[in-house]
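Please read the structure below before turning to the comments.
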Amino acid sequence: MARADSDIPPFRYSAALAQDIELRWQDWWDTHKSFEAPNPAGPLADPEGVAGREKLFVLDMFPYPSGTGLHVGHPLGYIGTDVYSRFKRMAGYNVCYSMGFDAFGLPAEQYAVQTGQHPAITTAQNVANMRRQLRRLGLSHDPRRSIDTTDPGYYRWTQWIFLQIFNSWYDTESPSADGSHGRARPITELVAAFESGSRPTPDGRPWTELTTAEQRTIIDDHRLAYVSEAPVNWCPGLGTVVANEEVTADGRSDRGNFPVFKRNMRQWMMRITAYADRLIDDLDLLDWSDAIKTQQRNWIGRSEGARVRFASAAGDIEVFTTRPDTLFGATFMVLAPEHALVDALTTSEHSSAVAEYRRSAAAKKDIDRQDVTREKTGVFTGSYATNPVNGAQIPVWIADYVLMGYGTGAIMAVPCGDERDFEFARTFGLGIPAIQQPSDSWFADHGIEPSLDASTWPQAFVGDAPYVQSANDSGLDLNGLTSVADGKRMVNEWLVANDRGYGTVNFKLRDWLFSRQRYWGEPFPIVYDQFGPIGLPDAELPVVLPETDSFSPRTFAIDDEFSNPESPLDRLEWWTEVEYDFGDGPKLYHRDTNVMPQWAGSCWYELRYLDPTNENAFVDPEVEQYWMGPKGNGHPGGVDLYVGGVEHAVLHLLYARFWHKVLFDLGHVSSKEPYYRLFNQGMILAAAYKDAREIYVESTAVVERDGGFWFGDEPVTREWGKMGKSLRNAVSPDDMYDAFGADTLRLYEMSTGPMDASRPWETRDVVGMYRFLQRVWRNLVDEETGELRLGPPADDDTKRLLHRTIDGVRSDMDGLRINTAISKLIELNNAITKLGSSPADVAEPLVLMLAPLCPHVAEELWRKLGHTDSLIRESFPVADPALLIADTIELPVQVNGKFRSRIIVAADAANDIVEAAALADAKVITALAGATPKKVIVVPGRTVNIVA
RNA sequence: GCCCGAGUGGCGGAAUGGCAGACGCGGAGGACUCAAAAUCCUUUGUUCGAAAGGACGUGUGGGUUCGAGUCCCACCUCGGGCACCA
């Protein structure tokens with residue numbers, strides 16, 4: 001805010017002046033279309049603008065346009081990508097950089113329910129407000145490329161991509177472009193294969209002899225997007241189903257925190273599991289942190305093993321095991337309480353115990369079932385199954401440590417080789433024979449005598465050790481073998497030969513539940529006839545979300561497990577009943593009344609930035625190839641830099657990769673992966689204060705005094721948390737603009753640490769960057785007149801410093817080490833400050849280096865330096881290599897590893913000269929105290945160490 | 001429990017195995033001012049010393065090395081993720 005005091009020079013870089021400069025340049029950039037990035041083809045084509053420049057695609061995770069607007073914690077990543085984009089533009093790149101809004105979702109819908117205002121209206125208002133706030137930061141977005149997922153012109157293509165997925169199947173036989181995992185193919189090719197007979201139908205009958213209903217069912221079962229009666233998470237409190245990923249560990253909804261029930265329901269699913277292997281393997285192509293890659297791998301949860309069938313009176317019980325080699329040690333089986341065969345297996349004298357156990361397991365909250373430290377519980381069904389390798393009759397139990405949702409919901413229990421099975425056997429007094437002979441030292445380590453009765457062991461044995469008691473008389477003999485890997489292979493071969501199982505791979509990843517019974521989302525481009533779903537032709541898109549003033553789904557008592565979903569769209573009969581002519585005459589159809597989950601719009605938005613107004617395609621192939629295609633030099637294609645929060649490490653990134661891969665298989669995009677380089681920025685934390693009643697108080701009103709924190713007269717306690725409304729510790733960027741200006745805010749956020757680190761917000765620290773800009777300004781501009789003032793040309797030392805700075809800032813910017821780039825620029829400016837004013841030949845490079853960081857003030861200074869055009873596309877300074885090498889250098893000298901002195905030698909002095917100079921140094925002679933040097937180590941350009 | 005990541009001044013943080021603490025905040029002293037704010041200058045790891053100078057110092061304990069904040073081993077603490085996944 002303007003300071004009225006008359007003794008402040010009129011042209012000091014004050015907050016008021018900064019504001020004036022910033023608003024003026026923001027308008028100038030808009031008027032001159034400064035940030036428009038040309039495309040090679042299509043509506044945004046400008047081949048001349050593209051020619052001769054390398055492309056760079058920089059992307060932020062786009063925000064949900066919330067009603068509360070931004071606080072200073074939000075734009076950390078945006079400022080980082082803006083600095084990088086501006087730097088790369090100055091390095092000659094054609095940079096695609098924009099921002100969109102992920103605007104479908106629950107908050108807008110809930111707000112609409114409360115106020116009756118249509119979500120489209122609130123969304124538009126929120127988007128406009130966020131655009132204003134982001135513009136005020138000086139972000140160099142290409143405004144033409146901005147998108148909003150709720151715009152029918154956008155979601156038309158979300159629906160189109162859905163139809164591409166719906167109209168595809170996964171052919172595991174057909175090699176994908178890169179290898180052996182199969183690929184998506186158009187469903188028409190599957191139909192053709194059935195029609196021609198080249199692919200047999202499931203029951204072998206000729207395709208033409210099947211009824212239409214049978215044909216449709218077979219086709220629908222192959223689709224990558226399919227309707228399925230499947231166990232889903234039904235949340236009566238929300239009135240909708242939610243994806244597994246949206247259920248918290250304690251079995252409640254991510255949003256709203258309502259109970260969630262497993263129910264079988266017909267819902268849209270996406271066959272993401274078909275891509276499980278590729279989603280793991282292709283992580284190797286990506287420049288992502290190991291932490292995120294690990295999280296994705298763990299989520300997909302690949303494990304190799306075998307499926308094995310155990311015969312029982314109720315039929316075969318199939319299990320998955322990662323240790324088929326331990327089959328001889330399987331002495332009992334355990335089924336999940338929910339397993340379909342439990343009823344058939346339970347004998348009459350055990351039926352009441354089994355029923356009781358199943359009831360109590362069902363009543364248990366997931367969080368309790370997941371408590372690892374809990375004692376093992378379970379009951380015997382009364383039945384036995386046959387161990388296929390040795391014919392042993394083994395008891396079948398049920399227990400809640402076996403989960404229905406993983407593998408087959410049944411396990412073979414090998415107590416000697418699995419800690420959980422071991423505990424279970426101990427608890428219920430079941431025998432534990434050994435099938436591997438641990439080494440004597442293993443027994444010694446556990447303080448017991450070697451024994452093959454594993455019930456004497458303190459724990460199960462896992463590892464390589466010779467097999468014992470592991471042979472049958474039908475050709476399988478592991479005894480004496482010491483390799484687990486070989487054991488697995490031999491057992492798998494035996495299982496196949498004897499038709500009792502096969503080696504396979506199991507995944508934790510489930511198919512993606514894709515439908516929601518809500519209003520504010522993309523409608524499905526699907527109608528139904530009596531046989532099932534029909535994808536609408538492209539010409540019918542978009543299927544526009546129908547107008548209504550009744551936005552809420554029907555919700556139920558939060559524990560009404562057996563209620564059924566009822567979407568708001570269900571009620572709109574005028575919309576759901578629709579006539580189409582698909583070539584067999586006009587007929588009535590029923591529309592799908594689900595909407596897509598919020599993830600849908602964010603699965604492909606980066607592609608629409610590339611060609612936002614294209615009416616004929618979701619993206620022009622030439623445009624896509626230009627921005628996203630693989631480059632030589634090991635770059636597999638995709639976004640060059642994707643910056644966003646780590647909270648999207650699994651869901652968004654996994655879903656978006658999946659969609660991209662389908663589009664890749666179908667030939668619509670040219671890169672296997674959407675996001676080549678991922679960078680997770682840190683969070684901005686802020687102090688939050690609680691009073692004695694544990695209630696948060698407004699942070700801005702808290703003062704520190706007498707070693708404590710006070711809210712008025714009341715002592716409060718401090719904690720650190722994510723900035724936001726709930727902790728009452730949000731700081732608005734508007735306040736920072738008023739007090740310092742946007743350039744200072746940008747510099748402050750970038751200076752407080754490396755981009756990927758979380759850091760606390762300290763409003764009192766912001767002044768440091770404000771002072772820095774004031775000094776920069778004063779070194780170039782007369783504070784009384786506002787006129788440019790420059791000193792004489794730089795001396796040699798200043799020149800060298802300038803070029804060292806250029807060199808350092810360039811590499812720091814390239815590596816996104818923006819914090820250290822800033823400190824180097826401060827050092828340079830501090831040196832200039834000592835000179836009194838900026839040397840004429842340092843001013844321009846300094847201003848150019850500042851431009852990516854604090855673009856407004858840089859533009860203003862550039863103008864004062866006599867330029868009439870913006871510096872957006874000026875070349876970033878290049879260091880003169882000759883000036884990076886000094887004539888003489890100062891070397892530290894160590895004696896026995898302790899620093900004792902410094903010597904000055906010629907930069908290119910030979911080692912023996914350096915050594916002689918070091919030994920002649922007075923302080924070194926003192927430190928040696930007459931001792932004879934045994935060895936002198938000279939590290940050229942670094943140090944000298946004398947060992948005495 | 002498992003998997004990631006991180007521990008450096010009063011605070012945020014710098015440091016290709018080579019002078020630890022760059023840069024910023026805060027503190028101290030000074031200039032300007034009637035005074036204050038703002039701004040500018042000097043100084044600021046701890047400790048012994050009047051000073052010159054010395055000793056100590058990057059979570060703890062070991063190790064490798066001429067030399068370790070950095071590499072290796074073990075442990076402690078904090079943050080994040082997963083959690084009976086067969």
Side-chain angles (χ1 to χ4, degrees), chain A residues 3 5 7-9 12 14 249 289-295 297-299 301-303 305 319-323 326 334 336 367 369-374 376 399-403 405-414 417-421 423-424 506-508 646-647 649-650 683 685 720 747-748 751-754 756-772 774-775 778 783 817 819-827 829-830 833-834 890-902 923 926 934-939 941-948:
Chain A
R3 301 191 189 278
D5 311 40
D7 53 348
I8 290 183
R12 170 161 293 174
S14 64
S289 73
D290 287 338
I292 301 286
K293 287 188 183 183
T294 305
Q295 277 192 53
R297 284 196 194 96
N298 289 347
W299 190 266
R302 183 182 203 276
S303 51
V319 304
F320 174 75
T321 175
T322 54
R323 292 290 303 274
T326 63
V334 186
I367 189 127
R369 272 182 74 162
Q370 285 167 2
D371 181 1
V372 191
T373 59
R374 208 162 47 91
K376 291 277 178 290
D400 62 8
Y401 78 94
V402 176
L403 308 174
Y406 184 77
T408 62
I411 63 161
M412 65 180 211
V414 183
D418 180 283
E419 198 53 42
R420 295 154 302 181
D421 298 344
E423 272 179 51
F424 191 86
N506 197 54
F507 294 95
K508 237 157 78 177
V646 70
E647 66 271 22
V650 174
M683 261 188 325
L685 308 174
W720 291 91
L747 277 173
Y748 171 70
S751 71
T752 49
D756 53 356
S758 290
R759 76 287 302 270
W761 174 270
E762 287 282 10
T763 299
R764 74 172 185 188
D765 289 358
V766 180
V767 71
M769 292 302 117
Y770 184 56
R771 288 180 192 148
F772 166 53
Q774 276 185 337
R775 280 194 285 264
R778 189 159 42 231
E783 291 191 323
R817 294 182 299 272
N819 54 329
T820 51
I822 291 171
S823 66
K824 288 181 175 79
L825 287 166
I826 295 175
E827 281 182 87
N829 189 57
N830 287 349
T833 305
K834 286 201 168 49
E890 191 183 64
L891 285 186
V893 183
Q894 304 174 53
V895 177
N896 291 329
K898 276 191 174 298
F899 287 89
R900 294 298 180 183
S901 186
R902 300 179 180 85
K923 285 181 189 165
T926 313
K934 287 198 200 101
K935 192 174 170 190
V936 179
I937 294 147
V938 176
V939 185
R942 282 291 177 191
T943 189
V944 182
N945 192 10
I946 299 164
V947 187

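Below, chains carry the letters A, B, ... as their sequence lines are ordered, and counting in each starts from 1.
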In whole angstrom, what separates A:R771's CZ from B:A38's P?
-> 8 Å
Whole angstrom value for the distance that separates C1' of B:C19 from CD1 of A:I946 | 15 Å
Spacing of A:I826 atom CD1 relative to B:A22 atom P, expressed in whole Å = 13 Å
Distance between the C1' atoms of B:A15 and B:G45, in whole angstroms?
-> 16 Å
Base-pairing mate for B:A74 - Watson-Crick or G-U, with both contacts under 3.5 Å | B:U60
In whole Å, what separates the C1' atom of B:G18 from that of B:C71?
-> 14 Å
Which value, in whole Å, describes the distance between the C1' atoms of nucleotides B:A36 and B:A31?
-> 15 Å
Please test A:N819 against A:R817 for side-chain contact (heavy atoms from CB on, under 4.5 Å), starting from the C-alpha separation and ending with a verdict.
-> CA-CA 6 Å; A:N819 54 329; A:R817 294 182 299 272; 4.3 Å; yes
Which of these nucleotides, B:C23, B:C84, B:C41, is closest to any side-chain atom of A:N830?
-> B:C23
Between CG of A:N945 and P of B:C66 the distance, given in whole Å, is 10 Å
Could you list, one pair per line, each protein nitrogen or oxygen that sits under 3.5 Å from a nitrogen or oxygen of nucleotides 4-14 of chain B, together with the distance?
unit_1, atom_1, unit_2, atom_2, d
B:G12, O2', A:T752, O, 2.9
B:A14, OP1, A:N819, ND2, 3.1

NA contact type, A:R902, heavy-atom cut-off 4.0 Å: base, sugar-phosphate, or nothing?
-> base
Across all strands shown, which nucleotide pairs with B:A50 by Watson-Crick or G-U wobble geometry, both distances under 3.5 Å?
-> none
Sequence neighbours left out, what passes side chain to side chain contact (heavy atoms under 4.5 Å, CB included) with A:K935? Give chain and number order.
-> A:I937, A:V947
Please write out the pairs of protein N or O atoms and N or O atoms of nucleotides 52-57 of chain B separated by less than 3.5 Å, giving the distance to one decimal.
unit_1, atom_1, unit_2, atom_2, d
B:C56, OP2, A:K898, NZ, 3.3

From A:E762 atom CD to A:L685 atom CG, the distance as rounded to the nearest 0.5 Å | 11.0 Å
Round to the nearest Å and state the distance from A:M412 atom CE to B:C85 atom P.
-> 15 Å
What residues form a side chain to side chain donor-acceptor pair (under 3.5 Å) with A:Q894, not counting sequence neighbours?
-> A:T943
Report yes if a side-chain nitrogen or oxygen of A:R12 is closer than 4.0 Å to either non-bridging phosphate oxygen (OP1 or OP2) of B:A38; otherwise report no.
-> no
If you look at every strand shown and take non-hydrogen atoms under 4.0 Å, does A:F899 touch a base, only sugar-phosphate, or nothing?
-> sugar-phosphate
Take the protein atom OH of A:Y401 and the nucleotide atom C1' of B:G1, then report the distance between them rounded to whole Å.
-> 17 Å
Kindly write out the residues that satisfy side chain to side chain contact (heavy atoms under 4.5 Å, CB included) with A:S901, not counting sequence neighbours, or none if the list is empty.
-> A:D921, A:K923, A:V924
Tell me the partner of B:A31, counting only Watson-Crick (N1-N3 plus N6-O4 or O6-N4) or G-U wobble (N1-O2 and O6-N3) with both under 3.5 Å; none if nothing fits.
-> B:U39
So what does A:I937 touch, heavy atoms closer than 4.0 Å: a base, only the sugar-phosphate, or nothing?
-> base
Rounded to whole Å, the CG-P distance (A:L747 to B:G24) equals 13 Å
Have a look at A:S289 and say if it touches a base, only the backbone sugar-phosphate, or nothing, with a 4.0 Å heavy-atom cut-off.
-> nothing
Determine the contact category for A:V947: base if any of its heavy atoms lies under 4.0 Å from a base atom, sugar-phosphate if only primed atoms, P, OP1 or OP2 are that close, otherwise nothing.
-> sugar-phosphate
Contacts of A:K508 that satisfy salt bridge (Lys or Arg N to Asp or Glu O under 4.0 Å) - sequence neighbours left out | none
Looking across every strand, which nucleic acid part, if any, lies under 4.0 Å from A:T408 by heavy atom: base, sugar-phosphate, or nothing?
-> nothing
Rounded distance in Å between the P positions of B:C11 and B:C82 | 32 Å
Decide yes or no for A:T326 and A:D418: does some side-chain heavy atom of the first lie under 4.5 Å from some side-chain heavy atom of the second?
-> no
Only counting residues at least two apart or in another chain, list the ones meeting side chain to side chain donor-acceptor pair (under 3.5 Å) with A:T820.
-> A:D812
Pairwise P distance for B:A83 and B:G63, with rounding to whole Å | 42 Å
So which protein nitrogen or oxygen atoms get under 3.5 Å of nucleotides 78-82 of chain B's nitrogens or oxygens?
none

Who is the Watson-Crick or G-U wobble partner of B:A14, with both distances under 3.5 Å?
-> none
For A:E419, report the nucleic acid contact type (base, sugar-phosphate, nothing); a contact means any heavy atom under 4.0 Å.
-> nothing
Considering only the P atoms, how many Å lie between B:A28 and B:C73, rounded to the nearest integer?
-> 46 Å
Heavy-atom side-chain proximity of A:S14 to A:Y770 below 4.5 angstrom = yes
Please step through side-chain contact (heavy atoms from CB on, under 4.5 Å) for the pair A:I411 and A:D421, ending with a clear verdict.
-> CA-CA 10 Å; A:I411 63 161; A:D421 298 344; 3.5 Å; yes
Taken to the nearest whole Å, CZ/A:R420 to P/B:A83 is 14 Å
Which residues satisfy the side chain to side chain contact (heavy atoms under 4.5 Å, CB included) test with A:P760, sequence neighbours excluded?
-> A:W720
Earlier contact from the 5' end, RNA chain B, for A:R942 and A:L891 = A:R942
Judged by nearest nucleotide, the residue sitting upstream toward the 5' end of RNA chain B, A:N896 or A:K834, is A:K834
Could you tell me whether the side chain of A:R302 reaches within less than 4.5 Å of the side chain of A:R297, counting heavy atoms only?
-> no
Just label B:G5 as syn or anti from its O4'-C1'-N9-C4 or O4'-C1'-N1-C2 angle, using within 90° of 0 for syn.
-> anti
Mind checking what makes side chain to side chain contact (heavy atoms under 4.5 Å, CB included) contact with A:V766, not counting sequence neighbours?
-> A:M736, A:F740, A:T744, A:Y748, A:W761
By side chain to side chain donor-acceptor pair (under 3.5 Å) - contacts of A:S289 (at least two apart) = none
Under a 3.5 Å cut-off for both distances, is B:C19 Watson-Crick or wobble paired, and to whom?
-> none
B:C66 base / A:K934 side chain donor-acceptor hit below 3.5 Å = no
Got a sec, which residues hit side chain to side chain donor-acceptor pair (under 3.5 Å) with A:T833, two or more places apart in sequence or on another chain?
-> A:N779
Interatomic distance at C1', B:U60 relative to B:C78, whole Å | 15 Å
Spacing of the C1' atoms in B:C76 and B:G59 (rounded, Å) = 7 Å
